[in-house]
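Proteins get letters first, then strands, A, B, ... in listed order; numbering begins at 1 in each. Keep in mind that what you see is a predicted model, and the values were worked out from it rather than measured.
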Amino acid sequence: MIQSTFYLTADGRLLEQLDADQIRSFLATGEGLLWVDVQDMSGDDAELLSSVFRFHPLAVADCISKNIHPPKIDDFEDYLFVIVHGINYHIDSEVVETTELALFLGKNYVVTTHDVPMRSVSSVLGKVGKDGRPMRRGADFLAHDIIDAMVDNFTPTLEEMDEKSVGIEVEALDEPKRQTLASIMQLKRSVLALTRVILPQREIVNSLSRGEYALISERAQIYYRNVYDHLMRIEMLTRDLRDMADSALNTYLSSVSNRMNEVMKMLTLIATIFIPLTFIAGIYGMNFANMPELEWRYGYFAILVLMAVIGASLVIYVRKKKWV
Amino acid sequence: MIQSTFYLTADGRLLEQLDADQIRSFLATGEGLLWVDVQDMSGDDAELLSSVFRFHPLAVADCISKNIHPPKIDDFEDYLFVIVHGINYHIDSEVVETTELALFLGKNYVVTTHDVPMRSVSSVLGKVGKDGRPMRRGADFLAHDIIDAMVDNFTPTLEEMDEKSVGIEVEALDEPKRQTLASIMQLKRSVLALTRVILPQREIVNSLSRGEYALISERAQIYYRNVYDHLMRIEMLTRDLRDMADSALNTYLSSVSNRMNEVMKMLTLIATIFIPLTFIAGIYGMNFANMPELEWRYGYFAILVLMAVIGASLVIYVRKKKWV
Amino acid sequence: MIQSTFYLTADGRLLEQLDADQIRSFLATGEGLLWVDVQDMSGDDAELLSSVFRFHPLAVADCISKNIHPPKIDDFEDYLFVIVHGINYHIDSEVVETTELALFLGKNYVVTTHDVPMRSVSSVLGKVGKDGRPMRRGADFLAHDIIDAMVDNFTPTLEEMDEKSVGIEVEALDEPKRQTLASIMQLKRSVLALTRVILPQREIVNSLSRGEYALISERAQIYYRNVYDHLMRIEMLTRDLRDMADSALNTYLSSVSNRMNEVMKMLTLIATIFIPLTFIAGIYGMNFANMPELEWRYGYFAILVLMAVIGASLVIYVRKKKWV
Amino acid sequence: MIQSTFYLTADGRLLEQLDADQIRSFLATGEGLLWVDVQDMSGDDAELLSSVFRFHPLAVADCISKNIHPPKIDDFEDYLFVIVHGINYHIDSEVVETTELALFLGKNYVVTTHDVPMRSVSSVLGKVGKDGRPMRRGADFLAHDIIDAMVDNFTPTLEEMDEKSVGIEVEALDEPKRQTLASIMQLKRSVLALTRVILPQREIVNSLSRGEYALISERAQIYYRNVYDHLMRIEMLTRDLRDMADSALNTYLSSVSNRMNEVMKMLTLIATIFIPLTFIAGIYGMNFANMPELEWRYGYFAILVLMAVIGASLVIYVRKKKWV
Amino acid sequence: MIQSTFYLTADGRLLEQLDADQIRSFLATGEGLLWVDVQDMSGDDAELLSSVFRFHPLAVADCISKNIHPPKIDDFEDYLFVIVHGINYHIDSEVVETTELALFLGKNYVVTTHDVPMRSVSSVLGKVGKDGRPMRRGADFLAHDIIDAMVDNFTPTLEEMDEKSVGIEVEALDEPKRQTLASIMQLKRSVLALTRVILPQREIVNSLSRGEYALISERAQIYYRNVYDHLMRIEMLTRDLRDMADSALNTYLSSVSNRMNEVMKMLTLIATIFIPLTFIAGIYGMNFANMPELEWRYGYFAILVLMAVIGASLVIYVRKKKWV
C-alpha cells in the first residue's frame, strides 16, 4: 500500500498524496523530485512500479517477497536498486530481528518499500512533511538521509546489548545458572547476526561513496563516506561485543567448574578426616575376647586423644597443601 | 539413456522425441532451440554427444563418470560445460546427498545429463512439455530455468534442517542423551557439506551473471544475478544453521556436565552429613571397659541430640554455600 | 577551546597566540606555517574552522563528536583529514583506553583537535615553543612529528602489559585464583583492543608513506615509512602479548585442573585404603553368638596384622600405578 | 642412475637405452621426442644433465638433494622444471609419506628424476615400452600422462584412509581406548600432510592449464585442466576426511567422558543409599547402657523395615531425577 | 665497531682492513667490490656510513638501535636496505632468539651490520678471507651468499626442535607431568615465533628474486629464488612442528584425564563393593536384644557367604560394564 508520496516541484513547492496519473506526468517532465514510500506492497503497487517507473520485474519481485534478502546494490543504469537492513532488537527475548528496506534511486525520484513500519523512514517522512528540507538537495541526498537514519538506529541497540552483556558477565562470575548459558549463547548469536547484517551493508555504502554510480553526485559521496565511517564505528563496537560474549562464556564455564571444585574439595576434606577415624573406632568396636586395650583404665581417653591428633594432623596437612 | 528431447522450431512449433539424425539436421540449420536430457548416460549416448554435438572427450568423460565432480564451468567457445550440484536431504538419516547435473549450453541447444532422476529437471521438462514456454526465450534462459529450479530445491531442505536443529537444541538442553551428540555431529557435517556445495556454485552463477561468457545474453544475465542473490540468501541461512549447530554442541556439553554436577553435589551432600555422624556412632560402639558416657542415664539421647545438631549445622552450611 | 597557536613566518620568526583575524590574514598570504591546537572543541572553535579554514562540515562534526571514530584518512584535496588513536593504559584496572587525535594537514597549516590533553601533542608543542624547530621543515614534517610522538607512546604501555602478563602467568602456574582468570580475560581484551587500534593506524601511516597524497613531500615520506616500521614492530609485540595471554589461559585452566586432580587422588588414596579395612573391623564388630575367631587367643592381633598387610599392599599397589 | 631412455623418432620408430652421445645427437636435431628417467641420481647423471641438456645447476642440485622440496614450477624458457609430489600411505602405521618427482619438460624431451621407484612413472614407462603411444602426442602430453598417473594414485590412498577413519569413529563411540586417541591424532596429521601436498600441487597444475607456459600447447591445456579438476575432487575428499577426523575426536572425548559419568553415577547411587543406612546401623551399634529401643521386642525388625523404606525412597528419588 | 673490510679490485686483488679514506677513494672509482662488516655499531661507525656511503639517516638509525625490527626491504635507488633475521635456539631453555642482520647492498659494495656475532656472516667472511671467491660474482651474489648462509642456519634449529617435540609427545603420552605442559606451551610459542620470523623473510627474498630491484641481476635472481624455495621448505617444516605441538597438547590433556579416570574408577570399584558389605556388617553389629539371626548356629558363616556372594556379584557386574 502506498503510504506517502511527496513531490517537490522545480520551483520549490511541495505536493502530497499524488495519484498514479500525477506521478506519471511528473516523471515525464523529468523535473523536481518525487518520493514514493510503499509499505507491505500489494499487487497494485507492484503494477504501478512496473508500468509507471518501468522497474525490472526481478527487482519488483524482490520487493513483494517476504523473504529476507542479503543487502545488495543493483545498477540498472536509469536507477539503482538498493536493499539495506535495519535491526529491531527485542531486549527481552534478546533476539536481533532484521528489517529490510528496498530503495529505488533514480535521477529525480526515490521509491522506498518495506514490509513493516520503519522508524528511520517515518522520521525522514516527518521532516519532509514539515518543510520538504531533506528533498531540497536532490535524490541522492534524500536516499542518503534515509540510509543514514537507518544506520543511526543501530547505535541504541548496540548500547542495549552492551549493557545486557555486562550484566550477563557479572552473573556468570557470581551466580552461574543454567539460564546464564542460554543468555550467553543467545548474545553470541545476536552479535553474529548483527555482524552479518553490518558487513555487506558497509560494502554497499562504501561503493556508493566511491563514485561507482553516476547517480550519486560527488558532493553527496562525501556524505555517504560519512555513513560508511559510522558503519565502521558500529562494526568496531560489535567486535567488542563479540569479545565480551566470548569472555562471558569462558567466565561462565570456569565459574561453574570452580564451584564444582569447591564442592569436591569439601567432600574430600570430610572424607579424608573422618574415614580413618571411623576405621579406628571400628577396630575398638570389634568383639574379640582378648583385646587388652579395652581393659586399660584410660584406653578410651587415650584413643580419643589419638583420634584428635590424627584429625588435627590431617587438617594441617590439607591446609598446608592449600586444598581448602 | 536419452530421457527426453524437445525441439522448438524457429516458427514456434514444438517437436518431441527426435532421433539422432533429426538432432543432427536441426543442429546443422542453426535455428530453433534443442534440449536433450540424458539420464544415467550409456556409451551410445556418449557416442552421440561426441559425434553429433562434437563435445570435447574430457567433458563427455565427466558426464559418464559416476564420481562427484566439484561444481565448475568450462568455456569451449562454441559451448559452455557447466557442472552444478543439487541436494537430497534424507531427514531420517540426517545425511545430505549431493546430486550432480552436467549441462552443455550452446547457441541453440542445451544438453543436460545426470545419474539419477532430478526433481528440478523434471519440473522444467514438464513445463516445456505443456506449451514449450521455458524454451521460447533462448538457450541461456532455458539453462537459467533449470539452474534456478535446482537452487529453489535447496530451500525446503534448509527449512527441514532448521526445524531438526531446533529440536536437537531443545533435546540437548532438556534430555542430553548419547544419541543427541551423534545428531549434532551429523548436523554439523551436513551443514559443512552443504556449504561446500553452495560456495563454488555461487561463484559459478556469479560468473554467468557477469557477462564473462558470450553465450549468456545481457538480458539473461540479470536473471542469473537473481539466482546468485538467491544463493547468497541460502548461504546466509546455512551460516545461521552452522551457528545453531555450534550452539547446540555447546549446550549439549554444558547440559551433560550440569547433570554430572547435580549428581556429584548429591553425593557430596550425603557424604558430608553422614560420614561425621557415622564416626560419632562408631565411637560409642567401641567396647572399652571404661567409657563413662555409656553409663549416663541420658547419654544416648544426648548423643542423638548432638548428632541432630551437627547434621542440621552441616545442612545449613551447605545451603549457605549454595551447593544444592 | 583553542589551546595554542603558533605561526612561523616565511623569514623564520615564531609568533604565538594569534586571534582569528591574524589566522585569516596569514592563511591568505599562503606563506609560513601555522599550527592551531584545539582541545575539547566548542561551537566557536567549530565556527572558526568552518569559516576561516573552510573545512568540510562533516570533518568538523567528527571533531566535535565525543564518539570514538575508527582511524581514517580523508583527502579533501586542499587538505587531509586524519584521525589517529593514542592509548592510555590504566595499569591498575588493566584497561586500555583509546584517545583520539583529529588532524587537518594543509599546505601551510596543521590543525590538531582532541578531547583530552595528550602527552604527544604537548611534547611537540613544547619543542615548538622553545625554538620552533619542529615547524621549520614544513607542514608534513610537523604532522609527522606529532604522529611519531603518539606512536612512541605505545611502547611503554606495551612494556607494562608485558611485565603484567609475565606476572599473571607465574600466578596462573603457582597460585591459580578466581581473580587470576579475570586478569587473564582482561589482558586478552586489552590486547585485542590494542590490535584493533594499531592495525588500521598502520594502514593509514602506510598510505601516507606511499606517495598517495600530494601534500606529503617525497622527503617526508621516508620519515612516515619509519613510523610505519615502528608500528610493524609494535604489532609484532602485541602478537607476542596475545600468545602470552593465550598461554596464560591454558596454564591457568590446566593448573586448576591439576590441583583438582591432586585433591581427588588424596581422596581416592584414603578411601581405597580405609574402606576395606573398616569393612573388616565391621565384621568382627558383629554380635553373632558363634564367631570362633573372637575366642582365639591372638585373634585380635592376627586381625591387626592382616589389616596392616592389606593396607600396605594397597599403598604399594597405588604407588606402583603412580597415582600419588 | 639412468633407468630408461626412450626416443621416438620423427618417423615414428621407438628406440630404447640410448647412451649419452646418442642423446646429445638426437637433441641437436630438435626432432622426435626423448624421455630420460633417472632414479636415485648419481654425480654422473647430474653431469650428463648439466652438460648434455644444459640444465641450470640449481635445478640439477634440487634433483640430487634427498630433501623434500615443496611442489614448484620454474620456467627457464627453454624448459620447465616442475616438482610434484606423490604419496605412499602405510596403512599399518597410518603414516602418509611423500615421494617426489622432478620433471624437466623441454620442446622435444622429458626428463624425470626421483629417489625411489614410483608406480606412476613405471606404469607410463610400461605403456611407452609396449607401443610408444604416450609419446606420440608430444612432450607436453607425455608430461601430462606422468602427472595424471601420479594424481590417480592419490585416490586409493584416500579411500583407504576413509575406510580407516570410519572404523576409528565406530571404535571411538563404542570402545574408546587410549590407542584410539593416538589413531585419531595420527589420522588428523596424515590428512593435514595430505592437504599440504595437494594444495600447492593444484596451483601448479592450474598454472600449467592456463596457458602461462609456451611449452604447453593449447590442446594439452584442456587435459591439464582435467587433472586440475581431479585434484579439486581429491581436495574435496580430504576436507571430508578432515571433518571426519574432527568428528571422531569429538566423539572420542565425549565417549570417554560419558563412560566416566556412568561410573560416577554408580558410585553416587551406592553411596547415597548405603551411607545413611550404615549410619542408622551405627546408631544401634552404640553401647549406651540406656537405649530403650534395643529392648523392644520387635525393635530390630522395625529398624530393618525403616531401613528398607529409606533405601527404597532414595532409589525412587534417584530414578525420578533420572540420574541412573 | 668495524669488524672486517675487504676490497676486491677490478683486476682481482683482495685488500683487507681499509681505513675510511681508502674506502672513500675506492667508492669514488666505482670499480671493484667492497664489503664492510660492522658489529655492535658505534657512533663513529654511523658517522662513517652517513658521510662516506651517504646512507639515509633513518636507515643508519635502524642499525644503531638495539630494538628488533621486523624484516623489511627499503629501496633507496642507489642502494637497497635489507633487514633479515637469523635465529638462535637455546635447546635447554627451549627459547628461540632472533638475531638481526642489516644489509646495505649497493652497486659495488655490501655493508653488513649486526649487534652480536653471527655464524653466517663469519663463515662467508672466512671464505672471502681465503681466496675472495664469494666476492668474485658481484655485490648481488655476495649478498645472496650471506642471506643463504643465514637461511641454512635455520635447519639445524628446526631439527633440534623436531627431536625435542618427539620427546615431549612421548612424555605426554606416558608420564604427563606438570613440567610437560610448560614444555609444550614453550614449544608452541617457539614455533609461533619462528613462523613470524620466516613469513616476512620469505616475502623479502621473494621480492629480491622477482626482478623488482635493478641492483639484483637476472642471473642472481635465480639464486635468490633458490633461497626462497629453501624458505618454503623451512615453512613446511615449521607447519609440521606446529601440528606436532598441537597434537602433543591434546595428547597431554587427554593423558592427564585418562589417568584421573583410572584413579576414579579404582575409587568407585572399592566403594561400590565395600560400602554395601560394611552396611551388612553394621546391621549385625547392632545391639538389639532380640535379633534371632545372631543366635543361629551358623549365622555368622551364612552372613560371610552372603557377603562373598554380594561382593562377587558386584565385581562381575562391574567387569561386565567394562568399567575397570
Chain D heavy atoms under 4.5 Å from [X]: which part of the residue, side chain, backbone, both or neither?
| X | value |
| --- | --- |
| Phe279(B) | neither |
| Leu181(B) | side chain |
| Asn287(B) | both |
| Pro57(B) | side chain |
| Met307(B) | side chain |

For this session: Provide the closest heavy-atom pair for Thr251(D) versus Met185(B) in the form atom of the first, atom of the second, distance.
Result: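 Smallest interatomic distance, heavy atoms only, reads OG1-CG, 4.5 Å.
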Looking at [options], which has the largest count of heavy-atom pairs under 4.5 Å with chain D?
| options | value |
| --- | --- |
| Lys72(B), Met291(B), Arg196(B), Met286(B) | Arg196(B) |
| Ala281(B), Ala59(B), Gly299(B) | Ala281(B) |
| Asn67(B), Ile270(B), Leu249(B), Leu58(B) | Leu58(B) |
| Ile303(B), Leu253(B), Leu304(B) | Ile303(B) |

For this session: Mark yes when over 12 heavy atoms from residues, nucleotides or ligands other than Arg210(D) sit less than 6.0 Å from its CZ; otherwise mark no.
Result: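 It does: Arg210(D) CZ has more than 12 such atoms within range.
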Problem set entry | Heavy atoms of other groups near Glu163(D) CD, more than 12 under 6.0 Å |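 Counting neighbours around CD of Glu163(D), 12 or fewer heavy atoms of other residues, nucleotides or ligands fall under 6.0 Å, so no.
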Problem set entry | Among the listed options Pro292(D), Ala271(D), Pro276(D), the residue most often paired with chain B at heavy-atom distances under 4.5 Å |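 Option with the greatest count: Pro276(D).
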If I take atom [atom1] from residue [X] and atom [atom2] from residue [Y], how far apart are they, to the nearest 0.5 angstrom?
| X | Y | atom1 | atom2 | answer |
| --- | --- | --- | --- | --- |
| Met266(B) | Lys265(D) | CE | NZ | 14.5 Å |
| Arg242(D) | Leu192(B) | CZ | CG | 10.5 Å |
| Thr278(B) | Leu277(D) | OG1 | CG | 10.5 Å |
| Thr272(D) | Phe274(B) | OG1 | CZ | 10.5 Å |

Exercise. How far apart are the C-alpha atoms of Tyr300(B) and Ile283(D), what are their side-chain angles, what is the distance that settles it, and do they pass the side chain to side chain contact (heavy atoms under 4.5 Å, CB included) test?
Worked result: CA-CA 9 Å; Tyr300(B) 171 54; Ile283(D) 284 181; 4.0 Å; yes
Problem set entry | NZ/NE/NH1/NH2 to OD/OE distance under 4.0 Å, Glu100(B) and Arg233(D) |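 Judged by the 4.0 Å cut-off on N to carboxylate O distance, Glu100(B) and Arg233(D) do not form a salt bridge.
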Problem set entry | Pair Lys188(B) + Asp243(D): basic N to acidic O under 4.0 Å |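 Salt bridge flag = no for Asp243(D) with Lys188(B).
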For this session: Please state whether the side chain, the backbone, both or neither of Tyr223(D) comes within less than 4.5 Å of a heavy atom of chain B.
Result: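 Its backbone and side chain both get close to chain B.
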Problem set entry | Atom group of Arg239(D) that falls short of 4.5 Å from chain B, counting heavy atoms |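 Contact with chain B involves both backbone and side-chain atoms of Arg239(D).
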Exercise. If we only count heavy atoms from C-beta on, is the Arg189(B) to Met244(D) side-chain gap below 4.5 Å?
Worked result: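 Result yes, sub-4.5 Å side-chain heavy-atom pair found.
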For this session: Verify side chain to side chain contact (heavy atoms under 4.5 Å, CB included) between Asp74(B) and Arg225(D), making sure each step is shown before the conclusion.
Result: CA-CA 9 Å; Asp74(B) 282 343; Arg225(D) 177 86 199 167; 3.5 Å; yes
Problem set entry | Residues Met264(D), Val263(B); criterion side chain to side chain contact (heavy atoms under 4.5 Å, CB included); working and verdict | CA-CA 8 Å; Met264(D) 293 303 291; Val263(B) 170; 5.8 Å; no
For this session: Go through the steps for Asn290(D) and Phe301(B) under the test side chain to side chain contact (heavy atoms under 4.5 Å, CB included), then give the verdict.
Result: CA-CA 9 Å; Asn290(D) 177 19; Phe301(B) 304 101; 4.1 Å; yes
